[in-house]
Amino acid sequence: MATFKWRHYALVSIVFYCWLVGCQSVSETVSEATPADTLSVGYTLSQQYCAGCHLYPEPDLLPRDTWQTYVLPRMGYRLGIFPNDSIRSSLFESGIGGERVEQAGIYPEQPVIEPEKWEAIQSYYLTHAPESLSVEVPEIRPELPQFVTRFPSIRLSPPSTTLAKIHQQQLFVGDANSKRLYQFYSDLNLQKAANVKEGGVSLEISAEQLLLTVMGSFSPTDHPKGLVMALPRLTTESPMVLLDNLQRPVHTTVTDLNQDGLPDLLVCEFGKWLGGLYYYQQQIDGGFQQITLRQQPGATAAYVRDINQDGLSDVIALFGQGDEGIFAYINQGEDEFQEQAILRFPSSYGSSSMLLIDVDEDGDEDIVYTAGDNADYPPVLKPYHGIYYFTNDGNYQFEQSLFYPLPGAYRALPADYDQDGDLDIAAISFFPDYQTTPQAGFVYLQNQGDNSFSASTFKESMAGRWLVMDAGDLNGDGDVDLVLGSLSFEVVPPTGLLNQWVKQGIPFVVLDNQTISLDGSKPLSIH
């Protein structure tokens, strides 16, 4: 990673976006329609009002009670429909965050849809939504002989790990509660710690510095408190804030999109109701010019690739939070980018991670994607939550080649963990089914061939609630180890696990791979 010329500077509420983009009037008079006609009209209206800015949400994506109690009322808020004035005012946080949301017109002061049309839309969803969703999770063996579990001696209560990264036999851990970035030796003894603001979430490492992305607030907010900072690796130099006033940034990539020789920053600002994907172009004086690639909340991860092989760097990014999907931004030159949708997902999917890796070994990069964010309302087990492979045909056209069900899936890291020549999968879930399979917070999927996997976990898998995960050769023995970072979070309905996590204060666990390399080959990189 290049060193910058710097100028000195002093788990999310998601609802369905219902904008009036491209809406046309409906010829039927809803108030005079028969019940059957009303449902037909409701379907037509829902298509017009709910598919302008994201993939159309089918009624069967959620149970009827969830639609009625949580989702439809929130959809109504976006259409200016409030039971009383106090509800609208309560939706705006205090300070600049709330002011920005109000200025953006997220919640209209007056209804933008006639009452009878809104009633027809609600009737359509409540009539066609199922009573419940059926979810089947494959059996998980409670043993993981391939890995030895190692816990650090340090305890943080409550554990609030938002970053875990393995790099050259060192481990970096960010904690939102203590507001620190910790650096550990491979034996898990603490090497050093740095005070940072709340929520270090993304780390790029070079010989000279650590480039840390800080959310500013783990809790959902539109207050621009996030930042990107440089922590010099030489103790004689001082830390510097490079970018500030960011809206809950969660991922930063160092790049040079304009090929001027100066390293720039590509930042995913997840936000809450506001946010976006921004390219901060470094200027000669060390400052940055913001260029907008997409001004929508939910930017989660972004990677730089030359998608069309024209010599210009393009961007591929994952968005959650409403208009969910994977989008490409094709570099047109002169700081202009053209957006192309690669994959789109319904708003209820809860897109949580994306990784580019050649899973089918055909020479091009495929997409590994997880859906599992479930923090919008009391968690609902969803049959479409899990791990997906989308294989590349060589022209950035993708087709689903794998789905492995895992309620609440948050990250999946394919690698040849057992070094038998194929890709296994390590995965975490932040929202497993705590009533029936709480041990599914971590799952190791050993590849059996033909897209078949055997699932297992380690016996202490419930010692934390695993929010983040990384893989790499931590102890330098030639195989791929794992680190899981824990963040204590309320379990609904309560099970006593939250108190256990807080009391024990375990910030992370390392799964030390015991596989013996026969040929000394370097493990497949997953970054």
Side-chain angles (χ1 to χ4, degrees), residues 51 53-58 61 251 253 255 257 266 268 277 293-294 296 298-332 337-373 382-406 409-416 422-427 445 447 449-453 524-527:
C53 284
H54 59 75
L55 198 64
Y56 177 72
E58 296 286 352
L61 288 171
H251 188 246
T253 300
T255 184
L257 291 182
L266 180 65
C268 295
L277 176 63
L293 274 67
R294 190 177 202 230
Q296 291 284 345
T300 301
Y303 303 93
V304 177
R305 299 290 189 271
D306 185 1
I307 292 175
N308 54 5
Q309 301 297 310
D310 64 351
L312 299 177
S313 296
D314 311 305
V315 176
I316 180 170
L318 171 67
F319 278 79
Q321 193 80 341
D323 188 12
E324 301 199 14
I326 297 172
F327 300 85
Y329 297 87
I330 308 302
N331 195 337
Q332 308 294 302
F337 295 84
Q338 182 181 61
E339 180 182 280
Q340 294 181 8
I342 292 180
L343 295 166
R344 298 187 76 191
F345 310 109
S347 300
S348 62
Y349 263 46
S351 299
S352 49
S353 75
M354 175 188 72
L355 189 68
L356 300 179
I357 181 174
D358 186 5
V359 298
D360 56 5
E361 298 183 332
D362 65 352
D364 52 36
E365 288 185 314
D366 309 301
I367 292 174
V368 179
Y369 161 83
T370 58
D373 193 359
K382 301 174 181 179
Y384 42 84
H385 272 184
I387 305 162
Y388 294 77
Y389 282 176
F390 295 99
T391 51
N392 189 344
D393 70 353
N395 297 302
Y396 268 77
Q397 301 296 312
F398 293 85
E399 180 179 353
Q400 182 179 319
S401 60
L402 172 72
F403 170 68
Y404 189 92
L406 182 62
Y410 248 54
R411 188 162 174 79
L413 298 178
D416 187 4
D422 54 27
L423 290 180
D424 313 297
I425 305 173
L445 304 176
N447 197 331
D450 298 324
N451 272 351
S452 175
F453 298 84
L524 177 65
S525 173
I526 60 172
H527 298 289

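Pairing each heavy atom of His385 with each of Phe403, the nearest pair is O-CZ, 3.5 Å. Of all heavy-atom pairs between Thr370 and Ser352, the closest is OG1-OG, 2.8 Å. Shortest non-hydrogen contact noted between Ala412 and Ser353 is N-OG, 4.2 Å. Closest heavy-atom contact between Ile357 and Pro414: CD1-O, 3.9 Å.
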- When you look at Asp364 and Arg305, which way does the salt bridge (Lys or Arg N to Asp or Glu O under 4.0 Å) test go after all the steps? CA-CA 11 Å; Asp364 52 36; Arg305 299 290 189 271; over 6 Å; no
- Given the rule in the side chain to side chain contact (heavy atoms under 4.5 Å, CB included) test, do Thr300 and Met354 qualify, once you have shown the distances and angles that lead to the verdict? CA-CA 8 Å; Thr300 301; Met354 175 188 72; over 6 Å; no
- Task: Report the C-alpha distance between Phe327 and Arg294 in whole Å, list the side-chain angles of each, state the deciding distance to 0.1 Å, and finish with yes or no for side chain to side chain contact (heavy atoms under 4.5 Å, CB included).
- Result: CA-CA 10 Å; Phe327 300 85; Arg294 190 177 202 230; 3.5 Å; yes
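Looking at Asn331, its side chain never comes within 3.5 Å of a backbone N or O of Asp314 through a donor-acceptor pair. Remark: the backbone N or O of Gly320 is not paired with any side-chain donor or acceptor of Ser351 at under 3.5 angstrom. Looking only at distances, a side-chain donor or acceptor of Asp310 sits under 3.5 Å from a matching main-chain atom of Leu312. With hydrogens and angles disregarded, no donor-acceptor distance shorter than 3.5 Å links the side chain of Asp416 to the backbone of Leu423. Although no hydrogens or angles enter the test, the distance criterion places a donor-acceptor pair under 3.5 Å between the side chain of Asp358 and the main chain of Asp362.
Counting heavy atoms from C-beta outward, Tyr329 and Ile316 have side chains that stay 4.5 Å or more apart. At a threshold of 4.5 Å between non-hydrogen side-chain atoms, the residues Ser313 and Asp306 do not count as touching. Counting heavy atoms from C-beta on, the side chains of Phe390 and Ile342 never come closer than 4.5 Å. Within the 4.5 Å cutoff, no side-chain heavy atoms of Leu445 are placed close to those of Asn447. Thr253 is listed as a side-chain neighbour of Val304, based on a closest heavy-atom distance under 4.5 Å. By the 4.5 Å heavy-atom criterion applied to side chains, Ile367 and Leu355 are not counted as neighbours. Looking at Val368 and Leu356, their side chains never come closer than 4.5 Å, going by heavy atoms from C-beta outward. Here the side chains of Tyr384 and Ser348 are in contact, with some heavy-atom distance below 4.5 Å.
Put simply, CD1 on Ile307 and CD on Glu365 are 10.0 Å apart, with the number rounded to the nearest 0.5 Å. Going from atom OG of Ser347 over to atom CG of Leu61 covers 9.0 Å, rounded to the nearest 0.5 Å. Going from atom CG of Leu293 over to atom CD of Gln338 covers 12.0 Å, rounded to the nearest 0.5 Å. Atom CZ of Arg411 sits about 12.0 Å away from atom CD1 of Ile387, to the nearest 0.5 Å. Between the CG atom of Asn451 and the OH atom of Tyr404 there is a distance of 12.0 Å, given to the nearest 0.5 Å.
If you run side chain to side chain contact (heavy atoms under 4.5 Å, CB included) between Val315 and each of Leu277, Thr255, Ile330, only Leu277 comes through. Partner of Ile425 under the side chain to side chain contact (heavy atoms under 4.5 Å, CB included) criterion, out of Val359, Leu406, Leu402: Leu402 alone.
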Name each donor-acceptor pair under 3.5 Å that joins a side chain in residues 393-400 to protein atoms two or more places apart or in another chain, with its distance.
unit_1	atom_1	unit_2	atom_2	d
Asp393	OD1	Asn395	N	2.7
Asp393	OD1	Gln397	N	3.3

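Ion pairing between Glu324 and Arg344 fails under the 4.0 Å rule for side-chain N and carboxylate O.
Defined by atom type and a distance below 3.5 Å, a donor-acceptor pair is missing between the side-chain atoms of Asp373 and Tyr349.
Taking the six-membered ring for Trp and the full ring otherwise, Tyr369 and Phe345 have centroids separated by under 6.0 Å.
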